[in-house]
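By convention in this document, chain letters (A, B, ...) are assigned in the order of the sequence lines, proteins followed by strands, and residues within each chain are numbered from 1. Here the structure is a predicted model, which means the values were calculated and not measured.
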Amino acid sequence: MISEHWLEEIKKKLLERNSKELILATGKTPSGHIHVGILREILICDSFRRILEREEKEPKVFLFLDSLDAAKRFPEYIKPEFRKKHLGKPFSFIPCPFEESECESYAHHFGNELISTFKDFGIKNEIIWAHELYKTNEMQEKIKIALKNNDKIKSILKKFILPTLDDVKKEQFNETQKNWMPVMVICEKCDKIQFRGKDDSIKPNRILKYDNKKDIVSYECQACGHKADISIYSGRLKLNWRIDWPAKWSIYKTTCEPAGKDHCVKGGSYDTGLEICKEIFGYMGPLKVAYEWLRLGDRDMSTSKGIVFTPKKYLELADPEIFRMLILRTNPLKHISLRIEEIPQYYDYYDKMENIYYNLEHAETEEEKDIINYMYPLIKVKSISKEKPRQIPFKVLSFFSQVQNILSLETLYEKALSILGYRDSESISFEEFKFLLKRTKNWIDEIKMIIENMNDDKQKRLLTQKITIFTIQDKIDRTIIDNLDEKQIKGISLVKNFFIENEYLDEEKIQNTIFTISKDQLNINPKTLFEALYLLILGKKFGPRLGSFLLLLDKDWLINRLTIEV
RNA sequence: GGGCUAUUGGCGCAGGCAGGUAGCGCAGCAGGCUCUUAACCUGACGGUCGGGGGUUCGAAUCCCUCAUAGCCCGCCA
């Protein structure tokens, strides 16, 4: 193999470590609706899982949900009074913000929303909730180790962070380091772990003193002022992020954890984490795999700021395979712009890839063929069939979903089966078909919204044309009829007669008839008659190819529509 | 102050690690299908690969440098 997929390169490094167990990890704070960006690291791990399982290596994959992280801000869809009340508490200590649901906590609501999509995406992993992890002896031992090694930890942080700061921040950093301890306490009185000052500064309930004989720490709550001593085994202590991460690594012996570029930056938490893991917890730490953000169009997403496009939402618009494909075909260090309006093009690429995999189409190069053969099994959610799975083309679905107001689902289903070349419903059930149609409808609606919000008129028009958005009018606008000329009206009536007189029709015949009527009987440019027909049915001058379109419509409905009173 | 990524025809991108006449998709253009296309088929057009310098017989590719853009970097997470 000349060229290799980036996953293979990382895999080699993984196997060089010669670990008995291969532990893959990912993590996320459930601070709100979790957006699709997190799937990038989850899918990288899931792909490794598949690769390693194929090689009989028995990997384990964990997803750490940082439910004990403090709410430092809330997304805008959370009510103000709720925000005010719970700001500064760990997410697992905050109730579910939505009254109608009965979740255990804020963290569970959003965490479970993410988890519920894994099955559809073909993701397998084990979930570790931070608030439960911190109740375990293992984690509490790590807290103890961290407290004992406070000075050492501080010098590591200093060594890594200081060189990356400018002078002002250097001073700030040195200042906070003076009384710094690696552990925070969740106040027993108000459940808060930090306080957000009016100047937007964050004041954590950092512990003030550690009694290493009794294993008791003292703290003062920055939010309510409560002062107390508390045992390190109380379950109310939490390590600071930069120590929390390596502590988890050392407990689970994590072999590899992908992380967003924010963590992977020089002097960031990954670098300090690895050093702390090695020096304080005595474990070499995971292989660092950095990845760039996944963007929505040209915007970054942010869970806490409420710019979200969730995996659940994605699944309402398109196939999970398409998403896996986007992630796998792109080097993790490059950013991906997920563009809803380009989903048809994604499907085109997927189809091409599938054709190449099944040897129905030639790849341009050997490398392309190799890469596709490698990726395809990692992309599929269901098992791979011997022959290329038949699918209703996206364009057809897009068309079908827009004529639902005049055509029954049954008619469309029959039509779909005939396009697929099936005489029965073996390959695609009616239920599945309904689901596909609904999903495409959702996508069309989404596109309509995107078009509406576009500022550039030219872009707007291009997109409208590219995607062929149309609506069949329930009633004809009277002004349309009034604006038709004599020949157009005559033409419409001739087309109507043609439909009445002919029992069996095909699209070619319809198409040709319209031309013949225009040229021979009316002596007008065919375009004029086409426009009249489109106006009558769609309310605008253009639409899908008329022959196949009219054939699809219910004949009686069509004849009725073509009967116009002048 | 530090870092990552990007800069290749109108748009979106591949190629870059292993240097050897610049590619793909979409749009645009022309023609074809007895035939409006925002259907399909065919064809042609279109780029001095962000600027500059260096290494080389030869650079989109390697090295240096500059520029522009996006994002990230104390505490907290």
(message) Using the side chain to side chain donor-acceptor pair (under 3.5 Å) definition, which of the options Tyr347(A), Tyr350(A), Tyr346(A) pairs with Asp319(A)?
(response) Tyr347(A)
(request) Considering only NZ, NE, NH1 and NH2 on the basic side and carboxylate oxygens on the acidic side, decide whether Glu275(A) and Lys159(A) come within less than 4.0 Å. (result) yes
(request) Return the nearest nucleotide to the side chain of Pro204(A); candidates are A14(B), C24(B), C75(B). (result) C75(B)
(message) For the residue pair Thr254(A) / Lys248(A), report whether a side-chain donor-acceptor contact shorter than 3.5 Å exists.
(response) no
(request) Taking atom P in both A14(B) and G3(B), compute the distance separating them and give it to the nearest angstrom. (result) 25 Å
(message) Rounded to whole Å, please give me the gap between CZ in Phe160(A) and P in C75(B).
(response) 14 Å
(message) Can you identify which nucleotide, out of C35(B), G15(B), G74(B), has its nearest atom closest to the Phe515(A) side chain?
(response) C35(B)
(message) Quick check on C73(B): is either OP1 or OP2 less than 4.0 Å from any side-chain nitrogen or oxygen of Lys266(A)?
(response) no
(request) Nearest 0.5 Å please: distance from the OG1 atom of Thr272(A) over to the CD1 atom of Ile153(A). (result) 10.5 Å
(request) Describe the nucleic acid contact of Arg329(A) in one word from base, sugar-phosphate, nothing, applying a heavy-atom distance below 4.0 Å. (result) nothing
(message) Below the 4.0 Å mark, does G2(B) have OP1 or OP2 next to a side-chain nitrogen or oxygen of Lys170(A)?
(response) no
(request) Determine the interatomic distance between C1' on G2(B) and the same-named atom on A18(B); round to the nearest Å. (result) 32 Å
(request) Could you tell me the separation between the CD atom of Glu292(A) and the C1' atom of A6(B), rounded to a whole number of Å? (result) 9 Å
(request) For the side chain of Val265(A), starting at C-beta, report the closest nucleotide among C71(B), A14(B), G3(B). (result) G3(B)
(request) Mind checking Trp241(A) for me? I need base, sugar-phosphate or nothing, with any heavy atom below 4.0 Å counting as a touch. (result) base
(request) Would you classify Lys261(A) as touching base, sugar-phosphate or nothing, given that sugar-phosphate means primed atoms plus P, OP1 and OP2, and contacts are heavy atoms under 4.0 Å? (result) base
(request) Determine, step by step, whether Tyr374(A) and His5(A) satisfy the ring pair (Phe, Tyr, Trp, His ring centres under 6.0 Å) criterion, reporting the C-alpha distance in whole Å, the side-chain angles of both residues, the deciding distance to 0.1 Å, and the verdict. (result) CA-CA 8 Å; Tyr374(A) 181 81; His5(A) 194 270; 5.2 Å; yes
Close N or O pairs between protein and nucleotides 31-34 of chain B (under 3.5 Å):
residue	atom	partner	partner atom	Å
U34(B)	O4	Asn512(A)	ND2	3.3

(request) Just name whichever nucleotide pairs with U7(B), Watson-Crick or G-U, keeping both distances under 3.5 Å, else none. (result) A67(B)
(message) Any base atoms under 4.0 Å from Lys238(A), or only sugar-phosphate, or nothing? Heavy atoms, all strands.
(response) sugar-phosphate
(message) With a 4.0 Å cutoff (strictly under), does any side-chain N or O of Arg242(A) reach OP1 or OP2 of C75(B)?
(response) yes
(request) Counting heavy atoms from C-beta on, name the nucleotide in A6(B), C75(B), G70(B) closest to the side chain of Arg295(A). (result) G70(B)
